[in-house]
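Take a look at the structure set out below.
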Amino acid sequence: MNSQSTFMFRWLSPLGIAATIFLIHGLMVIAAALAAFWLYRRPGGTKCYAGRGGLILSGRADSAFLGRPVSEVIQENKILTTVQDLVMKIWAGWWLSFGIFEVALVWFGVRQGLAWAFWTVVFSNLVVLAGFASVAREFIRHGVRLGFDLPPVALYAMIGTPIGALLGWMGLR
Amino acid sequence: MNSQPIFTFRWLSPLGISTALFLGYGALNTLVGIVIPALTRKWGTNGWPREVVDLLSMLWLAFGTFQLSVVWFGLHKGQAWALWILAAADLAQLAGWVLYGAQAHDWSAPQFLYAAVFTIPAIVLGWIGLRM
């Protein structure tokens, strides 16, 4: 920790740009999680919103995956909508904690030049991206052609994480 | 950061026990995130879509990684900001379980109980420990 005392952080540096990329991602995740908490605060949120947003990736991709419009599946399957309502609450809590960790580690760690904070942020983003890759692979295996069907936070992470990791690695060197 | 040079960490102190509880919860989540995808591939997902299980597992693993890092490199070194990050993140996650419990009328889900049992005492003990 004492080796950081002379560290000078600048936003317009490779590490500064990497910090900005991850800070924006963390704030997006927090906003998405708070929106999910609000939208699914009462039972029935899935019936209202999942027809457009989908159950897993997007309305379009999920419909192609299930072989029929996801809105029809939701209307017919009451158990599914109840379970999804519950899962969204748990899901939103996890995402909110992810966003809090990411923003806080960038703010208190990466800005101080702490390598462990930076690599924790990168690794955690890669882990979640691996989860989305597993989902996408399953969709593709079922013949679904994916476009911009990932949630915006995942699309941003897909592009931002490698760029941020490279810039941060350069900056920390 | 410069105000920390005389800090000495002891496991048998409120801060030490808080650190151990946070570490335990982080380790549990990391373990669940690693083990569940492997187990569900062997034994099935009990009706859950595999994609959802994988994604949730990766989120557990990410949470566990964040938690272990912040505890080890932050709280273990006596950094107050680490405790407030851990408190905010763990309570956010717990809030999801509380909303789930309120709708499902189920307050005995193992993950909810683990979250409550580990994080609330850890936050209180950490707060006491940092004030001492």
Side-chain angles (χ1 to χ4, degrees), chain A residues 1-2 4-5 7 30 33-34 36-37 40-43 55-57 65 82-105 107-109 112 114 116-117 119-121 123-139 154, chain B residues 1-2 4-5 7 29-30 33-34 37 47-70 72-74 77-82 84-104 106 109 111-112 115 119:
Chain A
M1 300 282 273
N2 297 334
Q4 310 295 332
S5 54
F7 181 79
I30 290 174
L34 290 175
F37 266 139
Y40 288 83
R41 68 192 181 282
R42 292 194 197 104
L55 292 166
I56 303 170
L57 287 185
F65 183 73
T82 307
V83 170
Q84 183 72 5
D85 271 354
L86 294 170
V87 168
M88 282 306 289
K89 289 176 173 65
I90 301 165
W91 197 237
W94 287 104
W95 277 118
L96 185 56
S97 65
F98 183 100
I100 290 169
F101 269 133
E102 185 167 25
V103 167
L105 274 186
W107 197 257
F108 292 107
Q112 310 293 324
L114 300 175
W116 67 264
W119 292 115
T120 300
V121 169
F123 178 76
S124 295
N125 271 285
L126 289 176
V127 162
V128 172
L129 279 175
F132 276 110
S134 161
V135 175
R137 198 184 58 181
E138 201 65 25
F139 274 61
Chain B
M1 302 279 273
N2 297 334
Q4 310 292 334
F7 175 78
N29 278 278
T30 306
I34 293 168
W48 284 73
R50 177 177 304 286
E51 307 79 53
V52 174
V53 174
D54 280 354
L55 204 46
L56 262 173
S57 303
M58 293 300 104
L59 208 47
W60 282 324
L61 182 55
F63 175 88
T65 307
F66 270 135
Q67 177 107 349
L68 290 176
S69 286
V70 173
W72 194 254
F73 295 107
K77 312 273 184 224
Q79 304 282 338
W81 61 263
W84 303 123
I85 293 171
L86 289 161
D90 286 16
L91 289 176
Q93 186 249 108
L94 192 59
W97 285 105
V98 169
L99 291 174
Y100 159 87
Q103 188 182 327
D106 172 17
Q111 285 260 335
F112 165 69
T119 61

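Residue numbers begin at 1 in each chain, while the letters A, B, ... track the order of the sequences. Note that the coordinates shown come from a computational prediction; the quantities given were computed from them, not determined experimentally.
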Exercise. Check side-chain contact (heavy atoms from CB on, under 4.5 Å) between A/L129 and all other residues, then give those that pass, not counting sequence neighbours.
Key: A/A157, A/M158, A/T161
Practice problem: Could you grab the distance from atom CG of A/D85 to atom OH of B/Y100, nearest 0.5 Å is fine? | Solution: 12.5 Å
Practice problem: Flag the one option from A/A104, A/A117, A/G109 with the top tally of heavy-atom pairs under 4.5 Å to chain B. | Solution: A/A104
Quiz item: Using a cut-off of under 4.5 Å for heavy-atom pairs, which of B/W84, B/W72, B/W97 has the most such pairs with chain A?
Solution: B/W97
Quiz item: Hey, which of A/F123, A/W95, A/F101 has the most heavy atom pairs under 4.5 Å with chain B?
Solution: A/F101
Exercise. Sort B/L68 into side chain, backbone, both or neither according to what part of it lies under 4.5 angstrom from a heavy atom of chain A.
Key: neither
Practice problem: State, with a plain yes or no, whether a side-chain heavy atom of B/F112 is found less than 4.5 Å away from one of A/I90. | Solution: no
Quiz item: Do you know the tightest heavy-atom contact between A/S97 and B/A92?
Solution: N-CB, 4.1 Å
Quiz item: Quick one: what part of B/N29 sits under 4.5 Å from any heavy atom of chain A, side chain, backbone, both or neither?
Solution: side chain
Practice problem: In sequence, state the C-alpha distance, the side-chain angles, and the governing distance for B/T65 and A/T120, and then conclude on side-chain contact (heavy atoms from CB on, under 4.5 Å). | Solution: CA-CA 7 Å; B/T65 307; A/T120 300; 4.2 Å; yes
Exercise. Determine whether A/V128 and B/F63 make a side-chain contact, defined as any pair of heavy atoms from C-beta on separated by less than 4.5 Å.
Key: no
Quiz item: Does A/W91 reach the side chain of B/L55, with side-chain heavy atoms less than 4.5 Å apart?
Solution: yes
Quiz item: Are the side chains of A/I56 and B/V52 in touch, meaning some heavy atoms are under 4.5 Å apart?
Solution: yes
Quiz item: Is chain B contacted by the side chain of A/A92, its backbone, both, or neither, given a heavy-atom distance below 4.5 Å?
Solution: neither
Quiz item: Of the non-hydrogen atoms in A/T82 and B/Q103, which two are nearest, and what is the gap between them?
Solution: O-NE2, 4.5 Å
Quiz prompt | For B/I85 against A/I100, the heavy-atom pair lying closest together | solution = O-CG2, 4.2 Å
Quiz prompt | Residue pair A/L114 / B/F73, side-chain heavy-atom distance below 4.5 Å | solution = no
Quiz item: Counting heavy atoms not belonging to A/R137, are there more than 12 under 6.0 Å from its CZ?
Solution: no
Self-check item: Top contributor to chain A contacts, counting heavy-atom pairs under 4.5 Å, from B/A102, B/S57, B/A89
Solution: B/A89
Exercise. Please work out which of the three classes, parallel, tilted or perpendicular, describes the rings of A/F98 and B/F66, given edges at 30° and 60°.
Key: perpendicular
Quiz item: To the nearest 0.5 Å, what is the distance between CG (B/L94) and CG (A/L96)?
Solution: 12.0 Å
Quiz item: Should the ring pair A/F108 and B/W81 be called parallel, tilted or perpendicular, given that the plane angle runs from 0 to 90° and is split at 30 and 60?
Solution: parallel
Self-check item: Between A/F132, A/W107, A/W119, the one whose heavy-atom pairs under 4.5 Å with chain B are most numerous
Solution: A/F132
Quiz item: Checking A/V87 against chain B: side chain, backbone, both or neither under 4.5 Å from a heavy atom?
Solution: side chain
